Amino acid sequence: MSQRQVLQVFEQYQKARTQFVQMVAELATRPQNIETLQNAGVMSLLRTLLLDVVPTIQQTAALALGRLANYNDDLAEAVVKCDILPQLVYSLAEQNRFYKKAAAFVLRAVGKHSPQLAQAIVDCGALDTLVICLEDFDPGVKEAAAWALRYIARHNAELSQAVVDAGAVPLLVLCIQEPEIALKRIAASALSDIAKHSPELAQTVVDAGAVAHLAQMILNPDAKLKHQILSALSQVSKHSVDLAEMVVEAEIFPVVLTCLKDKDEYVKKNASTLIREIAKHTPELSQLVVNAGGVAAVIDCIGSCKGNTRLPGIMMLGYVAAHSENLAMAVIISKGVPQLSVCLSEEPEDHIKAAAAWALGQIGRHTPEHARAVAVTNTLPVLLSLYMSTESSEDLQVKVLFPWIFRYTSAEGGQLSTT
Amino acid sequence: MATLARLQARSSTVGNQYYFRNSVVDPFRKKENDAAVKIQSWFRGCQVRAYIRHLNRIVTIIQKWWRSFLGRKQYQLTVQIQRRWRGYRVRKYLFNYYYLKEYLKVVSETNDAIRKALEEFAEMKEREEKKANLEREEKKRDYQARKMHYLLSTKQIPGIYNSPFRKEPDPWELQLQKAKPLTHRRPKVKQKDSTSLTDWLACTSTRSFPRSEILPPINRKQCQGPFRDITEVLEQRYRPLEPTLRVAEPIDELKLAREELRREEWLQNVNDNMFLPFSSYHKNEKYIPSMHLSSKYGPVSYKEQFRSENPKKWICNKETSTAEAK
């Protein structure tokens, strides 16, 4: 009998611990409770509960810590200062998948706030264990690990290099091929965040064979996935001509043009960003885009969007027209100039107006023919009013001023005098 | 005369002295000679090296000029070739007005084709979305009809969608007729925690009377009949349990006892890994034969020792054995 009573005491304690940790995890979902929790010193209590014997308590404690660290960066710093990270990393290697998911969530929540915190995570050796988690069978664990790696790699080039050195890129490419859509999304966004910092990192991503898989998945109907894939491809192709050529060789044209007609605004924006990054490098690449009918598609896309989603499309037209006069003529006959002048007059924001003015300048600067084609659409009074108005910014005024004054006074003088 | 005598006296020692002085000087001479040789050889080496360096510099300059000359020749040749080619290309493609017109026409045709294709694509997507929406609406309506199946009109009583003042019944009526009624959702069987004896004891000891939230109505008629005294009833209801030994033990006591025993034995274990008798550790062992089998000399057969055989004297071929003899 006495033994049963002794066991009962232990059972009570265990029940109390479980209840406490579950309540804390629930309270941490609401922002108004987090201040109180922090003042009550929940961090040290959760740290001891992380080392608990019962696995459920460990997992719930990790989940609660993750939610707290997610809220703001003070709490995330407190997590780092209390030396919780080495314990997490150590047990991440051994425990079951629920614990792995919760621990990866904590690492993600800490790493997303600032580069210093992400560096702290890298210093305690979390990268190797996260890469091991990427090889796990459960797709939820893979997703949590890929998300954590993405937030770490997002901040700067050194952290991305550390992630690449831990051998994450081939595993991320494998994750992209998995059937679960959420995992594909996260892996594509992680590759995009790794490749965006420098050409060497983008080259590493391409060497792992990511481009072919990304290009295949453009046809996937899920909008968020398309958004991440297009972002990844544009980050890879923006660095150099070779990388852009490699992306083009993966046969993205004309499939990318269908993405320009998608309902989702972000998909349209990222698709026009990708085409812009490809077209800006050399005249040959712009020629390729024009031959595939990309200019017409982008002009239609500009017509159907509003605001910041138009900006990459406008810049793409400017880049294409800047390379050579034949390409500028191609833009003119695709009815680009009326669309650009509509953008110029409609848009409220200064930087979009500046971009539209710059693009029109690039179109019109080659020969008198081009200048006439631009002047015919009555954009010059609009430009002049923009230049004269006191509200427009310096940048806008400069962009409006130079191409026009220098080129047009030397070109069709008669045409100018009639407008 | 005196000097002669002196010299003669010294003559014997002169030879010795002469020899002695020469021999003393010898090592110094040798040393100095060696030193001079070394210095001279070093100096000559420096001279030669300087000369070689000088030669090297001159050779470099000559090679430089020669190679630049070669390169310039090559450059001129290649530039000539490229010039010719670029002129040809520009004249054929870029400045060619008609070619440009052709190109622009092709570009505009491609643009139109792409625009049409994209329009078709967008239309197709619209159609698909509309279809999906319609299907969803259909499913929702169907589900609603199934839920409201009881509103169907019977022969006696017309339902609310089948008003007698209407010319024809509401379309919902037809929907209800087509729909199949929903079955009751089976309540989820909750895993009941095993109630142990202690729980029952706890619930009786604290005088927990099952009370409902609402009070009984005021003007309820009093129940008829003689009732027992309420204190007696409560006493009986809340009498503390005095279970017999058989009842007091839990029903799975055997299992619990086994667990206890196993736990105690586990405490005494040195190693947690189970002992596996057929582990493949033993497979790698080399077989060590016994002494009998590992000697060169085999076992001696008894027959040779004790019996001498002469097969020629045998009557028949077969050997007889005593066991077979009947």
Side-chain angles (χ1 to χ4, degrees), chain A residues 1 3-8 11-12 15 219 221 223 226 253-264 267-268 271 275 283 286-301 303-304 320 323-336 339 366-367 369-370 373, chain B residues 86 89-90 92-133 193-194 196-199 201-202 243 245 248-250 252-253 255-257 259-264 267:
Chain A
M1 286 295 281
Q3 190 183 35
R4 229 206 329 267
Q5 279 171 348
V6 169
L7 287 177
Q8 209 175 12
E11 260 180 68
Q12 254 179 335
K15 233 185 279 187
L219 294 166
K226 267 201 273 226
F253 287 104
V255 178
V256 153
L257 303 177
T258 56
C259 294
L260 285 170
K261 276 282 183 187
D262 201 275
K263 291 234 167 22
D264 194 55
V267 172
K268 280 199 258 202
I275 301 182
S286 303
Q287 184 100 36
L288 198 125
V289 173
V290 168
N291 289 351
V295 173
V298 167
I299 291 171
D300 285 345
C301 175
S304 63
V320 164
H323 282 300
S324 85
E325 47 189 59
N326 296 339
L327 292 169
M329 192 51 90
V331 172
I332 291 175
I333 60 160
S334 317
K335 307 183 187 58
Q339 192 61 258
H366 297 281
T367 71
E369 299 292 328
H370 296 80
Chain B
R86 284 196 184 129
R89 195 181 70 147
V90 150
K92 182 156 192 248
Y93 295 114
L94 256 52
F95 281 163
N96 191 350
Y97 180 67
Y98 295 106
Y99 187 79
L100 185 68
K101 282 222 96 159
E102 270 299 314
Y103 173 69
L104 287 174
K105 204 163 72 140
V106 165
V107 164
S108 65
E109 273 170 21
T110 326
N111 282 347
D112 289 330
I114 289 274
R115 279 194 167 123
K116 219 168 56 166
L118 285 178
E119 282 287 330
E120 274 175 25
F121 177 74
E123 253 175 65
M124 193 186 71
K125 280 241 125 123
E126 277 280 334
R127 258 182 283 141
E128 268 178 27
E129 220 189 277
K130 253 189 249 174
K131 215 167 66 169
N133 275 346
D193 301 327
S194 55
S196 60
L197 200 59
T198 45
D199 292 338
L201 286 172
L245 190 65
E249 291 300 313
D252 53 352
E253 43 143 5
K255 199 169 88 161
L256 289 175
E259 290 280 277
E260 251 176 61
L261 197 60
R262 209 172 291 151
R263 249 183 277 142
E264 274 175 41
L267 279 173

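Note that the coordinates shown come from a computational prediction; the quantities given were computed from them, not determined experimentally.
Within the structure, every pair that satisfies the side chain to side chain donor-acceptor pair (under 3.5 Å) test and touches residues 109-119 of chain B, not counting sequence neighbours, is listed here: A:Asp300-B:Arg115, A:Ser334-B:Asn111.
Residue with the most contacts toward chain A among B:Leu118, B:Val106, B:Ile114, B:Val107: B:Leu118 (heavy-atom pairs, distance under 4.5 Å).
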Using distance only, find each side-chain donor-acceptor pair of residues 123-133 of chain B under 3.5 Å and give its atom names and separation, not counting sequence neighbours.
residue: B:Asn133; atom: OD1; partner: B:Arg136; partner atom: NH2; Å: 2.9

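Taken from CG in A:Leu327 to OH in B:Tyr103, the straight-line distance is 5.5 Å, to the nearest 0.5 Å. The OG atom of B:Ser108 lies 7.5 Å from the NZ atom of A:Lys335; values are rounded to the nearest 0.5 Å. Note: A:Gln3 CD to B:Leu256 CG = 10.0 Å, rounded to the nearest 0.5 Å.
Contacts between A:Leu260 and chain B at a heavy-atom distance below 4.5 Å are absent for every atom of the residue.
Under a cut-off of 6.0 angstrom, the local environment of NZ in B:Lys105 is sparse, with at most 12 non-hydrogen atoms contributed by other residues, nucleotides or ligands.
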